[in-house]
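Here the structure comes first, spelled out in structure tokens, and everything after it is commentary.
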2 protein chains.
Amino acid sequence: MKQSSSSAFRSGSDFEEAMASRVRSPDLASDMITKLRAAGLRPTRTRVALSSLLFAKGDRHVTAEMLFEEANQAEVSVSLATVYNTLHQFTEVGLLCQVAVDGSRAYFDTNNTKHHHFYIEDRHELIDISPTNMNVGKVPVPPDGYEIFRIDVVVRLRRK
Amino acid sequence: MKQSSSSAFRSGSDFEEAMASRVRSPDLASDMITKLRAAGLRPTRTRVALSSLLFAKGDRHVTAEMLFEEANQAEVSVSLATVYNTLHQFTEVGLLCQVAVDGSRAYFDTNNTKHHHFYIEDRHELIDISPTNMNVGKVPVPPDGYEIFRIDVVVRLRRK
DNA sequence: ATTTGTGCAAATCGTTTGCATCTGA
DNA sequence: TCAGATGCAAACGATTTGCACAAAT
């Protein structure tokens with residue numbers, strides 16, 4: 001899994017050092033570089049920094065605004081526009097998936113395996129539901145010419 | 001069910017005539033007046049006109065923009081803001097329900113019974129799925145202090 | 001060197017709000 | 001009469017885009 005950081009990029013570059021200084025663990029950065037390369041994205045500083053934030057702490061559900069604040073506080077300064085662009089790029093290559101629950105904001109989920117969600121409306125908070133704990137029964141046949149590519153289940157919660 | 005139109009509102013009013021002239025069938029208008037009154041909303045011209053459009057043709061999934069165009073073409077001129085307000089009022093009193101599938105637009109569904117949806121992404125189109133044809137299995141217990149008030153299932157479709 | 005990404009500000013889109021005016025009970 | 005609705009325009013928040021600059025291969 002983990003590999004020596006030098007294996008992930010060209011030697012003699014100060015890219016490695018620059019990257020390492022931006023995140024807590026140099027190993028994390030190199031993991032991210034590997035991950036980005038595997039996804040076909042060039043591992044730029046911004047992408048490495050953002051993916052480190054996103055993927056370091058297990059499953060997360062973030063809005064662009066949330067990630068933007070997090071990044072600007074602790075890491076490289078990024079513009080909000082770039083955060084949006086990056087989140088969409090990550091989504092396109094399958095590193096993230098987008099969850100439509102709120103209408104007003106877009107949530108991005110670092111868990112890209114099949115699963116569902118609780119949505120706590122008054123806290124604007126998402127919680128994963130493993131497909132083990134909840135599965136959808138029979139699904140009707142889609143209209144002609146179309147196929148199912150995803151099934152989203154949102155269990156909406158309110159304070160008792 | 002249906003009742004004579006004069007029974008629905010004060011006699012001597014030209015409200016009835018005005019309403020009747022705005023929709024194909026005066027009976028439809030009076031049905032709408034009844035429906036609105038039952039929901040605790042005053043049957044104003046705008047509300048009667050919009051509800052006639054919404055509820056005359058069976059189950060529909062509309063955006064504010066769609067209803068706005070429809071109304072302005074065929075009926076009383078309404079402002080887009082009023083369409084939004086009216087859709088929300090209808091939702092609050094349970095005549096409509098709001099479906100969050102697209103993130104960018106809000107859809108309003110005239111079917112307010114429990115059911116699910118196909119969502120055809122490339123056409124931005126919703127199709128009802130009766131709960132008879134699809135049901136969700138066991139649902140995990142919600143976190144403490146919260147209760148489930150709705151479960152949304154969206155089956156996303158793509159062209160084959 | 002060439003291609004690809006980034007920052008910024010301005011543009012856009014859907015939606016909401018404030019307020020003066022109108023209308024139904 | 002008078003609370004409640006409506007229209008309009010302006011305000012708004014989230015997201016996207018255009019373009020000059022910077023960085024990665």
Side-chain angles (χ1 to χ4, degrees), chain A residues 8-19 22 33 36-37 39-51 62-69 71-72 75-93 98 100-108 124, chain B residues 8-19 22 29 32-33 36-37 39-51 62-69 71-72 75-93 98 100-108 124:
Chain A
F9 33 83
R10 144 175 83 99
S11 61
S13 163
D14 50 7
F15 184 56
E16 174 175 5
E17 288 70 40
M19 285 302 95
R22 286 204 175 76
I33 290 172
L36 290 169
R37 284 236 165 80
L41 291 177
R42 272 162 51 171
T44 64
R45 21 185 127 239
T46 306
R47 299 215 269 232
V48 173
L50 293 182
S51 61
V62 300
T63 62
E65 201 75 38
M66 285 165 60
L67 186 59
F68 173 63
E69 305 241 302
N72 274 334
E75 307 282 331
V76 189
S77 86
V78 264
S79 73
L80 180 57
T82 299
V83 172
Y84 273 105
N85 292 334
T86 305
L87 285 171
H88 286 136
Q89 289 156 3
F90 285 6
T91 302
E92 272 160 31
V93 301
Q98 212 176 332
V101 277
D102 185 308
S104 69
R105 336 165 170 281
Y107 285 86
F108 294 85
H124 295 290
Chain B
F9 33 85
R10 145 176 85 99
S11 63
S13 164
D14 49 8
F15 183 56
E16 174 177 6
E17 287 71 39
M19 285 302 96
R22 285 203 176 75
M32 290 307 132
I33 291 172
L36 290 170
R37 284 236 166 80
L41 292 176
R42 271 163 50 173
T44 64
R45 17 185 131 243
T46 306
R47 288 186 186 151
V48 173
L50 293 182
S51 61
V62 300
T63 62
E65 201 74 39
M66 285 165 61
L67 186 58
F68 173 64
E69 305 240 302
N72 274 335
E75 307 282 331
V76 189
S77 85
V78 263
S79 73
L80 181 56
T82 299
V83 172
Y84 273 105
N85 292 334
T86 305
L87 285 170
H88 285 136
Q89 289 155 2
F90 285 6
T91 302
E92 272 159 32
V93 300
Q98 211 176 331
V101 278
D102 185 307
S104 69
R105 332 163 168 284
Y107 285 86
F108 294 85
H124 295 290

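Convention: sequence-line order gives letters A, B, ...; per-chain numbering from 1.
For the OP1/OP2 pair of C/dG24 and a distance below 4.0 Å, the side-chain nitrogens and oxygens of B/R45 include at least one atom meeting the criterion. In this structure, B/R42 does not reach the C/dA25 phosphate: none of its side-chain N or O atoms is under 4.0 Å from OP1 or OP2. Taking side-chain N and O atoms only, B/H88 has a distance below 4.0 Å to OP1 or OP2 of C/dT16. OP1 or OP2 of C/dG5 has not a single side-chain nitrogen or oxygen of A/T44 nearer than 4.0 Å. For the pair A/R105 and C/dT15, the criterion of a side-chain N or O lying under 4.0 Å from OP1 or OP2 is not met.
D/dT6 atom P lies 10 Å from atom CG of B/L36, rounded to whole Å. Rounded to whole angstrom, the span from the CZ atom of B/F108 across to the C1' atom of C/dG14 amounts to 11 Å. Rounded to an integer number of Å, the gap from CG of B/D102 to P of C/dG14 is 10 Å. As rounded to whole Å, 15 Å separates atom P of C/dT23 from atom CZ of B/R47. With rounding to whole Å, A/M66 atom CE is found 17 Å from D/dG13 atom C1'. Taking atom CG on B/L67 and atom P on D/dT6, their separation rounds to 13 Å, with Å as the unit. In this structure, A/Q89 places its CD atom 16 Å from P of D/dT15, rounding to the nearest Å. Atom CG of B/L50 and atom P of D/dA5 are 14 Å apart (whole Å).
Here CE of B/M66 is found 12.0 Å from NE2 of B/H124. Values are rounded to the nearest 0.5 Å.
Side-chain contact check for B/L36 versus B/F90: some heavy-atom pair is nearer than 4.5 Å. Side chains of A/V93 and A/Q89 form no contact here, defined as non-hydrogen atoms less than 4.5 Å apart. Side-chain contact between A/R37 and A/P43 is present, with at least one heavy-atom pair separated by less than 4.5 Å. In this structure the side chain of B/Q98 reaches within 4.5 angstrom of the side chain of B/H88, judged on heavy atoms.
You'll find that the side chain of A/A106 is closest to D/dT15, out of D/dT15, C/dA25, D/dA5.
Using a 4.0 Å heavy-atom criterion, one finds that B/T63 contacts no nucleic acid atom at all.
Within residues 78-85 of chain B, the residues approaching DNA chain C are B/L80, B/A81, B/Y84, B/N85, by heavy-atom distance under 4.0 Å.
With sequence neighbours left out, B/S77 forms a side-chain hydrogen bond (donor to acceptor under 3.5 Å, both in side chains) with no residue at all.
Using modelled atom types, no side-chain atom of B/Y107 and backbone atom of B/D102 make a donor-acceptor pair closer than 3.5 Å.
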